[in-house]
Amino acid sequence: VELVESGGGLVKAGQSLSLSCTGSGFRRWDDYAIAWFRQVPGNKRQVISCISGFGRSETRYAASVKGRFAISEAAGENMVNLQMNNLKPDDTAVYYCGATEYTCVGIFGGIVTPRYWGKGTPVTVSA
């Protein structure tokens with residue numbers, strides 16, 4: 001099982017980036033909730049968005065990104081995207097995706113940690 005993030009880079013404040021999380025080796029990709037986290041050196045990894053498994057009917061966002069970021073699944077692919085708009089310097093971090101058999105509620109509640117992680121993709125937003 002593998003998760004690979006892509007799409008990170010260097011942008012200016014106000015610009016957009018789209019990150020992708022591609023899964024391979026999953027028996028049933030759709031059974032897994034996929035969450036995006038970000039981490040700044042010296043800080044804890046924080047969840048910023050999640051899309052539920054079993055139909056992808058639920059999405060959740062951290063307050064810091066709500067209204068600017070959008071999580072979605074690429075139809076027909078084992079891929080979850082994170083569209084990031086109106087980026088701010090505070091969005092600078094390494095972004096990770098994680099997969100869990102549990103729920104986005106559990107992820108955001110801090111009681112569930114993804115079973116699988118990608119290696120991360122860096123995002124730098126300059127002022």
Establish, from distance only, whether the side-chain atoms of Trp117 and Glu5 form a donor-acceptor pair under 3.5 Å.
-> no
May I ask you to check whether Asn81 and Ser20 show a side-chain donor-acceptor distance below 3.5 Å?
-> yes
Please confirm whether the backbone N or O of Thr124 pairs with a side-chain atom of Thr92, one donor and one acceptor, at under 3.5 Å?
-> no
If every non-hydrogen atom of [X] is compared with every non-hydrogen atom of [Y], which pair is closest and at what distance?
{"X": "Cys104", "Y": "Ala33", "value": "SG-CB, 4.2 Å"}
{"X": "Phe108", "Y": "Ala62", "value": "CE2-N, 3.6 Å"}
{"X": "Thr100", "Y": "Val112", "value": "OG1-CG1, 3.4 Å"}

Can you find a heavy atom in the side chain of [X] that is under 4.5 Å from one in the side chain of [Y]?
{"X": "Met84", "Y": "Val123", "value": "yes"}
{"X": "Leu3", "Y": "Tyr32", "value": "no"}
{"X": "Glu58", "Y": "Ile51", "value": "no"}
{"X": "Asp91", "Y": "Arg38", "value": "yes"}
{"X": "Leu19", "Y": "Trp36", "value": "yes"}
{"X": "Ile107", "Y": "Arg60", "value": "no"}
{"X": "Ile34", "Y": "Arg56", "value": "yes"}
{"X": "Ser126", "Y": "Pro89", "value": "no"}

If you round to the nearest 0.5 Å, how far is [atom2] of [Y] from [atom1] of [X]?
{"X": "Thr22", "Y": "Asn78", "atom1": "OG1", "atom2": "CG", "result": "8.5 Å"}
{"X": "Glu73", "Y": "Cys21", "atom1": "CD", "atom2": "SG", "result": "10.5 Å"}
{"X": "Arg68", "Y": "Tyr61", "atom1": "CZ", "atom2": "OH", "result": "12.5 Å"}

Considering residues at least two apart in sequence or located in another chain, which fulfil the salt bridge (charged side-chain N to carboxylate O under 4.0 Å, His left out) criterion with Glu2?
-> none
Residues that Glu101 engages under salt bridge (charged side-chain N to carboxylate O under 4.0 Å, His left out), provided they are two or more places apart = Arg115
Do Ile111 and Val105 belong to the same hydrophobic cluster, where Ile, Leu, Val, Met, Phe, Trp and Tyr are linked whenever their side-chain heavy atoms lie under 4.5 Å apart, directly or via other members?
-> no
Are Tyr95 and Phe37 close enough that their ring centres sit under 6.0 Å apart?
-> no
Counting only heavy atoms not in Tyr102, do more than 12 fall under 6.0 Å of its OH?
-> no
With a cut-off of under 6.0 Å to the ring centre and 45° to the axis, is Arg45 in cation-pi contact with Tyr96?
-> yes
